[in-house]
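To find a chain, count down the sequence lines: A is the first, B the second, and so on, and within it residues start at 1. Remember, predicted model here, so these are calculated numbers, not experimental data.
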Amino acid sequence: MVVPAVALRRQLALVNMRRLRKLATSKNHPSNATRLIGFSSSAEASSAAVSNPAEATLNIYPSDATRRTGFSSSSAETPSAPIFNSAEFSQISHLIAQLRWSKVKPLVNDGTGETILEQLFAHRVRPEVILWYYNWSEREFRVFHSLDYSCRLVISLAGANMYSLVRSFWDRFVRNARTGVTVSLIFHTLVNLSSRKSVNSKVVDMLVMAYARNCKVDLAFEAFERARGYGFRLSLLSCNPMLRGLGDEGSFEKLEYVYKEMIRRRMVLDVVSYNTVMSGLCKGGKLQRARDVMDDMRVANISPDSGTYNILFDGYVKRGGPGRMYKADALLREMVTRDVAPNEATYNILIDGFCKDENMVGAVRVFEEMKTRGLKPNVISYNSLINGFCRMGNVEEAVKKRGDMIDAGVQPTIITFNTLINGFCKQQKLREAMELFDEIYENGLFPNSLTFNALIHAHCKASEMDRAVDLRELMIKKGVCPDVSTYNCLIGGFYGVGNKAAAEKLFAEMKDNGLKPNLVAYHVLIGELCKAGEVRKAVRRLDEMVGLGLKPTHVVYNALIDGHCREGNIKAALSVRDQMVKEGKRPNVTTYNVLIRGYCKKGKLEEANRLLNEMLEHGLTPNRATYEIVQDEMIEKGFVPDIEGHISAASN
DNA sequence: GTAGGGTTAG
């Protein structure tokens, strides 16, 4: 006994009309009635709903206790909703369950679809069907449904054990910035709607997970904090991603706090929790704390795995300071003693570490050890090794390793080629670099922006600007977009050959092409302007970069200070130094060197001497440039700086 | 739907 859809729609429209008219004249709920009428009949109001969905949603359904709990369709307490009789409604829900949106759409007469949503809840329609309708109507009418509906939906999904739908619901939910929807409001709404603690806990758990996974770590953290007061118990499902988010974000204090708090809440942490905490701590340079966490892990009877060790290895290699590879070596021995098997990643981290330490003997030793342990070096192992040899200037050996890799059945990638091309470029062997470039295609690979940038950079360094520009043309022809680095290389190159006009034109062109100049772009530009004696222009560029949200580094400040000193304007130079300090950057050796030379050039040797002492008091070690300045500017002029121990070093 | 490895410009 299916009622034809057209007939049904006509019938419903009629019913709605009658109800709406009745409501409009009703004195009992004037505000609700006028609002509803407004939305169903006025184009103005519905366009307002589109342009400002959050506000519109709030207007239609003020959070009113009777509405929140008004589940029954026959209840006189829910006057704003046109009420369909059960036969009508079963037709509607049938259409929704079949996702026949073109048929559903004409039935919506409130501009937001919330009227039908209310009815779906009232009729206890299957939660997933309500979810379909909820999602469709939000998209269709460009609105966010009120938080009440969101929470009711999520609770009914959870009550039916449809947790994967709860997950995806919250995922969508948190991705949109809903004005006024705070963590505490969500919690408050949830406890008002449901008293089932376990269900609420799971719902909140998944909310926190959604926050953590969608880069809303601060909200995840807030929810984690508030959850305790509400008695919601969270799981690793939400806490592990949050730990990761905190680490990624650099919130190391919060990371340690959450870690300790998880233990205090008697949560049972797993390997992933510990590894994530350690990874975050390593990123923050807190290597000792990371080691402590590994000890905690053993106390908790969780065995560190190869991943745990790899995280520590990576920490040592990247932030371990002097002697880090020895520590790493010791850790490798400990790992083996404890019966944790190193894997490919373990060796790759170590190979790369030795290479960065310019210790190719160590790198090759680890590489060989890897093979004796029955592990096959992969493309990353070879690339690291090749990069190591290239950095040492031994490109011939690097090329040989590429041969080894092919013999071992490991195919070179574009990274292999880029590394080798870079190696040749650094040696100014442009012909060899170009030959390799041709080989890329023979190997069925395609050059990327890094390939071209390396070549362009090398040609710029060699003052071959015509070839550099040709390469950029080729790049575009091959479908590779020039990026900020491409421009940086070319701009630096043109300044280098004294073609200021071309350099400035490129800087403008870069911005015209929608590329945002980055830190390096400004380093190049400001450095060159200072060198050319155009300090005032350089200062303008500094303001410009600050305006773009880029934080000037020591290099930039020092270049400006140098520029002012070269013009003999020490006062201006000192004010740049003050600005630098205000920005939280401590003057470094170069800063002092530049200022000292500035004073010397003005003949103010006492002032220079004073700065020299200040530099030592700040615990900075003079470098070669310092000695040269002292030698050439002070001792030459018969002035004896009172930093005796350091002067003898200068004469060496 | 867990953490960990390789290439550029200053």
Peer 1: Which residues in residues 440-453 of chain A have a heavy atom closer than 4.0 Å to any atom of DNA chain B?
Peer 2: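 Close to the strand are Leu450(A), Asn453(A).
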Peer 1: With sequence neighbours excluded, what pairs up with Arg402(A) under the side-chain hydrogen bond (donor to acceptor under 3.5 Å, both in side chains) test?
Peer 2: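 Listed in chain order: Glu439(A).
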Peer 1: Using a 4.0 Å heavy-atom cut-off across all strands, classify Asp270(A) as base, sugar-phosphate, or nothing.
Peer 2: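 Touches nothing.
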Peer 1: Please give me every residue in residues 454-488 of chain A whose heavy atoms get under 4.0 Å of an atom in DNA chain B, ordered by residue number.
Peer 2: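 The stretch gives His457(A), Lys461(A), Ser485(A), Asn488(A) as the residues lying under 4.0 Å from the strand, ordered by number.
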Peer 1: Under the side-chain hydrogen bond (donor to acceptor under 3.5 Å, both in side chains) rule, collect the residues that match up with Arg289(A), sequence neighbours excluded.
Peer 2: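 Glu256(A), Asp292(A).
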Peer 1: Just checking, is any N or O donor in the side chain of Asn387(A) or Asn422(A) under 3.5 Å from an acceptor N or O on the other one?
Peer 2: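 No, Asn422(A) and Asn387(A) have no side-chain donor paired with an acceptor closer than 3.5 Å.
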Peer 1: On a heavy-atom basis, which atom in Met510(A) and which in Pro517(A) lie closest, and how many Å separate them?
Peer 2: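 Smallest interatomic distance, heavy atoms only, reads CE-CB, 3.9 Å.
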Peer 1: With sugar-phosphate meaning primed atoms plus P, OP1 and OP2, does Val379(A) contact a base, only sugar-phosphate, or nothing at under 4.0 Å between heavy atoms?
Peer 2: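 Base contact - Val379(A) has a heavy atom under 4.0 Å of at least one base atom.
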Peer 1: Check each residue of residues 394-402 of chain A for a non-hydrogen atom within less than 4.0 Å of any atom in DNA chain B, then write out the ones that pass by number, or none.
Peer 2: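 None, since no heavy atom is under 4.0 Å.
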Peer 1: Please give me every residue in residues 407-436 of chain A whose heavy atoms get under 4.0 Å of an atom in DNA chain B, ordered by residue number.
Peer 2: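 Contacting residues: Thr413(A), Ile415(A), Asn418(A), Thr419(A), Asn422(A), Lys426(A).
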Peer 1: For Arg291(A) and Glu334(A), which heavy atoms make the closest approach, and how far apart are they?
Peer 2: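 Heavy atoms only, the tightest pair is NH2-OE1, 3.0 Å.
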Peer 1: If you count every heavy atom of other residues, nucleotides or ligands that lies below 6.0 Å from Phe446(A) atom CZ, does the total exceed 12?
Peer 2: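 Not buried by this count: 12 neighbours or fewer within 6.0 Å.
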Peer 1: Whether the side chain of Ser251(A) engages the backbone of Gly247(A) through a donor-acceptor N/O pair (distance < 3.5 Å, no angle test) should be reported.
Peer 2: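 Pair absent, no side-chain N/O of Ser251(A) close to backbone of Gly247(A).
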Peer 1: Which distance, rounded to the nearest 0.5 Å, do you find between the CZ of Arg213(A) and the CG of Asn240(A)?
Peer 2: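 If I round to the nearest 0.5 Å, the distance is 9.5 Å.
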Peer 1: Within the structure shown, what part of the strands sits under 4.0 Å from Arg244(A) by heavy-atom distance: base, sugar-phosphate, or nothing?
Peer 2: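 The residue Arg244(A) makes sugar-phosphate contact but no base contact.
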Peer 1: Stepwise, does the side-chain contact (heavy atoms from CB on, under 4.5 Å) test hold for Trp170(A) with Val154(A)?
Peer 2: CA-CA 8 Å; Trp170(A) 281 140; Val154(A) 105; 3.7 Å; yes
Peer 1: Write out all pairs satisfying ring-ring contact (aromatic ring centres under 6.0 Å, His included) with one or both partners inside residues 501-524 of chain A, taking only residues at least two apart or from two chains.
Peer 2: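 Found Phe507(A)-Tyr522(A).
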Peer 1: For DNA chain B, note the earliest and the latest nucleotide, 5' to 3', having some atom under 4.0 Å of a heavy atom belonging to chain A.
Peer 2: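 In short, chain A contacts DNA chain B from dG1(B) to dG10(B).
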Peer 1: Checking Asn593(A) against Asn558(A) for the side chain to side chain donor-acceptor pair (under 3.5 Å) test, could you report, in this order, the C-alpha distance in whole Å, the side-chain angles of both residues, the deciding distance, and whether it holds?
Peer 2: CA-CA 9 Å; Asn593(A) 286 349; Asn558(A) 291 342; over 6 Å; no
Peer 1: Does anything in residues 511-529 of chain A form a salt bridge (charged side-chain N to carboxylate O under 4.0 Å, His left out)? List the pairs, not counting sequence neighbours.
Peer 2: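 Applying salt bridge (charged side-chain N to carboxylate O under 4.0 Å, His left out) to every pair that reaches into residues 511-529 of chain A, excluding sequence neighbours, yields Lys511(A)-Glu544(A), Glu528(A)-Lys531(A).
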Peer 1: Counting the atoms with a prime plus P, OP1 and OP2 as sugar-phosphate, which does Val524(A) contact under 4.0 Å by heavy atoms, base, sugar-phosphate, or nothing?
Peer 2: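 Sugar-phosphate, no base atom in range.
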Peer 1: If a pair satisfies salt bridge (charged side-chain N to carboxylate O under 4.0 Å, His left out) and one of its residues is in residues 407-422 of chain A, list it, with sequence neighbours excluded.
Peer 2: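 Pairs touching residues 407-422 of chain A that pass the test: none.
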Peer 1: Which residue pairs satisfy the ring-ring contact (aromatic ring centres under 6.0 Å, His included) criterion with at least one member in residues 379-433 of chain A, sequence neighbours excluded?
Peer 2: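 For residues 379-433 of chain A, and leaving out neighbouring residues, the ring-ring contact (aromatic ring centres under 6.0 Å, His included) pairs sorted by first residue read Phe367(A)-Tyr382(A).
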Peer 1: With a distance cut-off below 6.0 Å to the six-membered ring centre and an angular limit of 45° from the axis, does Arg265(A) pair with Phe224(A) as a cation-pi contact?
Peer 2: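 The answer is yes; both the distance and angle limits are met.
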Peer 1: Check for me whether Lys318(A) meets the cation-pi criterion with Phe313(A), that is, NZ or CZ under 6.0 Å from the six-membered ring centre and within 45 degrees of the ring axis.
Peer 2: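 Checked: cation-pi criterion not met.
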Peer 1: Give me the residues of residues 300-317 of chain A where at least one heavy atom lies under 4.0 Å from an atom of DNA chain B, by number, or none.
Peer 2: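 Asp305(A), Gly307(A), Asn310(A), Ile311(A), Asp314(A), in order of number.
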Peer 1: Side chains of Glu583(A) and Tyr557(A): do they bring a donor and an acceptor to under 3.5 Å?
Peer 2: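 The answer is no; no qualifying pair exists.
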